[in-house]
Protein chains: 2
Amino acid sequence: MELFEQQEFVMVHKSGVAGELDYFTEVCRRHNLKITPQRVAIYRILMGCSDHPSADYVFRIIRSDFPNISFETVNRSLLTFAEIGLIAIVESTSGVRRFDPDMDSHHHIHCVKCGRIFDFQHGDYDCIAVPDSLTEKFSLVGKRVVLHVICPDCIKKGLSVEPVSEKHTSAGT
Amino acid sequence: MELFEQQEFVMVHKSGVAGELDYFTEVCRRHNLKITPQRVAIYRILMGCSDHPSADYVFRIIRSDFPNISFETVNRSLLTFAEIGLIAIVESTSGVRRFDPDMDSHHHIHCVKCGRIFDFQHGDYDCIAVPDSLTEKFSLVGKRVVLHVICPDCIKKGLSVEPVSEKHTSAGT
DNA sequence: CTCTTATTTGAGAATATATCTATTTTAGCT
DNA sequence: AGCTAAAATAGATATATTCTCAAATAAGAG
């Protein structure tokens, strides 16, 4: 499962609802991964997400179509997808691993109270320069700005609110 | 445990080995937290870390001095310290919560292969502007640039290396 | 279209991580 | 020294992730 070569191909034909599955198929082929119904279903769900689903979230959604699928399959597929660059793993502070189906350049807002993560676009941030001293040592895969905030909901709730458990609260963004 | 007011005080007298415990004491007092031997020991360990320890890491270290301390105490103390702004919780992709004893402005390099997190300083990044449209809605607590890379070790190890388990591998940075 | 094989799936157990509860201990005040 | 609210502890529980291996199957070969 090579990770190095993926970058040059990313976004070849990702646009359009029809093209998404072609893209998925192509990337899987390139990495000698079989196209299974489970993987297709998982990928479809990811493409319908505008937030940052956890494995558990995907698992719960997919079960309505696919009652026998195992959590293990969902989780392993997500990790595999991340390895071949179909999706990303989001940096988070909540202790639950979250995935990001959006591979276009974007940035994140983390609420330090509730752990929610919001996406935002900002052209200025897309083109920040990375020092040569770093690119000499590290192979750069991506970059992003992360803002730590207290979100409007948590501001409303006031100062003494504990972070909520994210168990079973949709994808938790 | 108020989170809002902390910013203005950060770095009041943090410099110097001697000053660190004074600072700790002062912040605890301000938040009506008791100065217990356990908390002091945990804070000392944090101040000796140049990386991003997990609760488990701190727990294992502290046990050599403090054989009876419980994991619960360590974990709760770390969360408390984060709440009062003595340390930060680091965004990570490994599924293990990590803490950052360094509260000065700095940025992170995440290895997407092994999950290690490296700190770096870069003046240009410290002063990136945050759009008004965001600060109007969100209460800004901090900001940072996160670079996603493959680290030198993982480059050396080649393409087909799986992410290593971080169980018992020091603090895992 | 069928055979073959390496990959993938799924069930259950194991491990890792984090939190809760109830009880005992103690820091810090008087 | 005594009091009291806060904190520490042990143990149980909840949550999240990974492992193991037998059974199922995608995809290429014939």
Side-chain angles (χ1 to χ4, degrees), chain A residues 1 24-26 28-43 53-60 62-63 66-84 89-90 92-99 115 162-169 171-172, chain B residues 1 24-25 28-43 53-60 62-63 65-84 89 92-99 115 160 162-169 171-172:
Chain A
M1 310 218 181
F24 171 75
T25 306
E26 185 202 320
C28 284
R29 287 241 177 78
R30 215 162 50 227
H31 292 274
N32 297 311
L33 296 182
K34 293 184 175 172
I35 316 292
T36 66
Q38 290 91 336
R39 282 176 176 164
V40 172
I42 292 165
Y43 188 73
S54 62
D56 187 60
Y57 174 77
V58 175
F59 178 58
R60 278 179 287 119
I62 206 171
R63 286 211 116 179
F66 236 106
N68 292 323
I69 199 169
S70 68
F71 175 82
E72 175 63 16
T73 296
V74 173
N75 192 50
R76 228 176 335 87
S77 297
L78 291 168
L79 290 172
T80 302
F81 291 175
E83 270 205 89
I84 64 176
I89 299 176
V90 177
S92 97
T93 55
S94 68
V96 180
R97 184 152 43 209
R98 299 191 165 286
F99 298 89
E162 297 294 305
V164 298
S165 161
E166 54 179 31
K167 193 90 268 188
H168 298 156
T169 58
Chain B
M1 310 224 182
F24 171 76
T25 305
C28 284
R29 286 241 178 75
R30 217 164 46 228
H31 291 273
N32 297 310
L33 296 181
K34 292 182 175 172
I35 316 290
T36 66
Q38 291 92 334
R39 281 176 176 165
V40 172
I42 292 166
Y43 188 73
S54 62
D56 186 60
Y57 173 77
V58 175
F59 179 57
R60 277 179 289 119
I62 206 171
R63 288 211 115 182
D65 287 331
F66 237 104
N68 292 322
I69 199 170
S70 68
F71 175 82
E72 174 63 18
T73 296
V74 173
N75 192 50
R76 224 178 338 85
S77 297
L78 291 169
L79 290 172
T80 302
F81 291 175
E83 270 204 272
I84 64 176
I89 298 176
S92 96
T93 55
S94 68
V96 180
R97 184 154 43 208
R98 300 190 164 288
F99 298 88
S160 54
E162 298 293 306
V164 299
S165 161
E166 55 180 29
K167 193 93 269 189
H168 298 156
T169 59

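Numbers restart at 1 for each chain; the letters A, B, ... are given by sequence-line order, proteins then strands.
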Task: Phosphate OP1/OP2 of C:dG10: any A:Thr73 side-chain N/O under 4.0 Å - done: yes
Task: Test log, rule side chain to side chain contact (heavy atoms under 4.5 Å, CB included), inputs B:Leu79 and B:Phe99 - done: CA-CA 9 Å; B:Leu79 290 172; B:Phe99 298 88; 4.3 Å; yes
Task: Between P of D:dA24 and CD of A:Gln38, the distance in whole Å - done: 14 Å
Task: Minimum-distance nucleotide (side-chain atoms of A:Lys34 versus C:dT9, C:dA6, D:dT18) - done: C:dA6
Task: Nearest-angstrom distance from the residue atom CZ of A:Phe66 to C1' of C:dG10 - done: 12 Å
Task: Residue A:Arg63 excluded, over 12 heavy atoms near CZ under 6.0 Å - done: yes
- [ ] Provide, to the nearest angstrom, the distance between the CZ atom belonging to A:Arg63 and the C1' atom belonging to C:dG10.
- [x] 10 Å
Task: Exercise: identify the closest heavy-atom pair between A:Lys34 and A:Arg39 - done: O-NH1, 2.8 Å
Open item on the list: Nearest to the side chain of B:Arg97, heavy atoms from C-beta on, is which of C:dT19, D:dT9, C:dT9?
Closed with: C:dT19
Task: d(CD, A:Glu72; P, D:dT17) in whole Å - done: 12 Å
Open item on the list: Could you tell me how far apart A:Asp56 (CG) and D:dA14 (C1') are, to the nearest whole angstrom?
Closed with: 13 Å
Open item on the list: Whole angstroms only, please: what is the CZ-P distance between A:Arg76 and D:dC19?
Closed with: 11 Å
Task: Spacing between B:Asn68 atom CG and D:dA10 atom C1', to the nearest angstrom - done: 11 Å
- [ ] Rounded off to whole Å, could you give me the CD1-to-C1' distance for the A:Ile35 and D:dT25 pair?
- [x] 14 Å
Task: Minimal non-hydrogen separation, A:Ser70 against A:Phe59, with atom names - done: C-CE1, 3.5 Å
TODO: For the side chain of B:Thr36, starting at C-beta, report the closest nucleotide among C:dT19, C:dG10, D:dA7.
DONE: D:dA7
- [ ] Please determine if a side-chain N or O atom of A:Asn75 lies less than 4.0 Å away from the OP1 or OP2 oxygen of D:dT18.
- [x] yes
TODO: Grab the two heavy atoms, one from B:Val74 and one from B:Ile62, that are nearest each other, plus how far apart they are.
DONE: CG2-CG2, 4.2 Å
- [ ] Would you indicate what A:Arg39 reaches in the nucleic acid, counting non-hydrogen atoms under 4.0 angstrom: base, sugar-phosphate, or nothing?
- [x] sugar-phosphate
Open item on the list: From C-beta outward on A:Val96, which listed nucleotide comes closest to its side chain: C:dT9, D:dT17, C:dT19?
Closed with: D:dT17
TODO: Mind checking B:Leu79 for me? I need base, sugar-phosphate or nothing, with any heavy atom below 4.0 Å counting as a touch.
DONE: sugar-phosphate
